[in-house]
Amino acid sequence: MNIEHASRGASAARPVAGALEEGHASGDESEQRYRSLFTAMEQGFCIIEKIEVAPGQRGDFRYVAVNPAFERHTGLVDAVGKTIRELVPDAEQNIMDRYEEVLRTGESQRFEARVSALNLWMEADVFPVAEPDRIAVLFTNISDRKRTEATLHANEQRQFALLKLSDAQRTVSDPSEFRRAAMSVIGEQLGLARAHFFDAERDADGGWTHVIERGYQRDSDALEFVGRYSLRDFGSWMFEGFAGGEPVAIANIETAPGLTEEERVAYRAVGVVAFINVPLLRNGEYAGGIGAHATAPHDWTEHEIELIREVAARAWAASEHAHAEAALRTVEERFRLIVDGARDYAIFATDLQGRITTWPAGARAVLGWTEAEALGQPFAMTFTPEDRARGVPEQELAGAAERGFAPDVRWHQRKDGRRIFIEGSTRALVDERGVQTGFLKIGQDVTDRHAIERALIESESRFRQFAEGSTNVLWIRDAATLRMEYASPAFQAVYGRACPNDGATSSLRCWGRMVLKEDRGRVFQNFRRIRKGERVDHEFRIRRANDGALRWIRDTDFPLLDESGEVRAIAGIGADVTETKELFDRQDVLVAELQHRTRNLVAVVRSISNKTLRGAASLDEFKSRFLHRLESLARAQGLLSRATSVEKVSFDDLLRSELAALGDDGKGGKVTLEGPAGVPLRSSTVQTFALALHELATNALKYGALSAANPCGRLDVRWRVERSGDGSARLHVEWQESGVEMPRGEVAARGGGYGRELIERALPYQLQAQTTYDLGAEGVRCTMAVPISGVLVSSGG
Amino acid sequence: MIGGEALLSGHRILLVEDDYFIAYMMTEALQDAGAIVLGPVSSVKDALALLGREQHVDSALLDMNLGGDPVFPVADALAGRGVPFLFATGYNESAIPPAWRHVMRCEKPVDAATVVRALHSCAGAVQGLDDRV
């Protein structure tokens, strides 16, 4: 159909035709020569003869003769005898017309023509031959040249298009305007009716909708194609290759196979006869593309598709870049705002040598220098003189250069000399090629917080030392869970197990198991009170974990409140008060005992004074006897006060102290003591026993064996311990005087009255003793069997 | 003991006291007041034995500490028989078990006249002794 070039005139064809005619006329040799040429030549050659056709039918020619090159170039085999339209039904009409014209006019023609069905470009010489209705066609296959030409043209077109695109890119900054310019390039370059960008959006049902923006429109009065179009209306099956980046090119929607009439109507409605859609992917996903329309059928060549694709890609990249740039500008702006706005932070940059290159408001506020004062100055000026002397700023830069980052947490110095504690860092700044360009310093003034933290640390450390040094258990439990949050090391010693350190051991239940069951309910009740905000002092018993010992714990417990006054934790100080308690208990007993003894003693003294008074003939006698008896009581008390529950008063001690109280060792040689030492007496018996011994000894001194009036008098005291079958023990004492010249009965009665009563009545009454008392011819003989503790004490003597 | 005879006349009083001298003195005082002294006894064992023998006891004076043993078994026995009694003690209240703190006490050294009056009032409260007087 394409006729690129045609020249009318027969000059070039003439010799060939003439030669052929001559060959027919003159002899075999010539004939042979031409035939050989005919066969060997590169050009295709055929003689065709017009045939008769029915009226209304299109004209046709029959091949009369063809050479081998004809077959080679056209691919038509055994063409002789067949007609052109038989072999090439779609034969281009313009070529057929040329043939008719040559036959009719008798003038040869030369033209270039494309036979689409044979994919053949030919440069043809058509000329009449001698026979009627016949013409000869001599043609050169120029398909290769034509292809090269087309490619050249396409390249030119492409170069031109891209040049125009670059121009647009240089002059148009707005992404959408640039895209419109790109669409104009496509539309104008390819002579199309429309070209536009579209965004692809997923429908709810999974199909696609193209959102078409204003692009190139050749005919300004034609229907505009802008807005949303669902592909469903346009035969969505055609577009399934989009996701893979495959373009869709339709030459003619009227003849395109597979389209329904409805779909064709849709295309007609928007004035589209031919179209091409080239998809564009963003991050590998179908995101949109370029559409171009023609209002007449249009064969989309590879070159056109390629051109559209290329322009689309460039326009897309440019517009994406523009988007990214815009986004970047936004980020940079935001960053600048942050840096400028952050008044609590000093954020500034330095060059590689540490000279300050930016000094935003935050740096001014935190460090005090104005921008004019700071710019170009060494950043080391923000450090303290001591740190500067130690080379800290340089070390920081070196660290940041080496590792990309260096912490900066230290005291700094403001312009006014005030010290501030900065918590921050220094980072190396690198450009996009990775070359270091300087440093960025970011620091926050945390002086206040730092001071508070330090105070806190100090106070905590003080508390810890206190807590860890204490023999008391300092503890804290969470108010909600009652889990142990802290227990001082004394916990181990007091409770006999390791400090609670995990979920199991820190629970109240775990601790509570050590508390005696009888006390546990009360203790837990107290914990509830503390949790409600009360202070509680309480004592309870525990079973110590390591040795099972029963220990008394005294805890002073109290709530710990948070800022809002709620009980955050409960805490306490606990001590093992078992020993203290025992001491107190013992003291209570001792005090009670002391009272008892004192009051008893007074009662005894009263009774003694009564007795003495009744027995005394004179006040002098009363005085002497009473004092002696009191002294005896005092001695017994002295012995008792030295005695303990283990070391009791022994009989021999008591006896010796009474005899010693007689004073004047004059009894020397007169007294024999014989018996085991250390026989323990019950404390309750000592006093009465002492009084009895006192009376015996006093009487012996006055009237009996120890009296100066009885130089031959002797006193033998013998004692022994007897145990009976039931394990009880008695001390048997025998007091035997001899060599006594017995006084008259009256004196004996007076002197022995009280002593005798004590021995015969008081001892049996009070000590469950068995006693005898005789005044024999030789002197007093007395026996006493007194129950004793039963344990022989070997000490004493 | 002027007028004392009338106070406890014919009154049978158990005296439990481990100290011989105090027991002796108290016995004299009670007898002076007209009482018939049951005992004195110096141990829980003897006191319980005496109570077992004596059907008729009007009241009792109990020393709380009998040679180291508490007198409470005797107090229990008396309380069981509804016999009113007094404690004579050198101890403060704090040393007395709570169960016995309600019992009237005479603190040593006991003044005999005080004991007589106390015994009279506690026996009277139970037996209406005052009405007879």
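Computed from a prediction, not measured in an experiment: that's the story for all the values here. Proteins get letters first, then strands, A, B, ... in listed order; numbering begins at 1 in each.
Only the side chain of A/Leu758 has a heavy atom closer than 4.5 Å to any heavy atom of chain B. Residue contact with chain B, scored on non-hydrogen atoms closer than 4.5 Å, involves the backbone and the side chain of A/Arg761 alike. Heavy atoms of A/Leu767 lying under 4.5 Å from chain B are absent altogether.
Residues A/Lys611 and A/Glu695 are not paired through a salt bridge, judged by the lack of any N-O separation under 4.0 Å between the basic side chain and the carboxylate.
Applying the ring-ring contact (aromatic ring centres under 6.0 Å, His included) test to A/Trp552 and every residue at least two apart in sequence or in another chain returns nothing. Taking the side chain to side chain contact (heavy atoms under 4.5 Å, CB included) definition, one finds that A/Thr772 meets it with A/Thr783, sequence neighbours left out.
Using cut-offs of 30° and 60° for the angle between ring planes, the A/Tyr765 and B/Tyr20 rings count as perpendicular.
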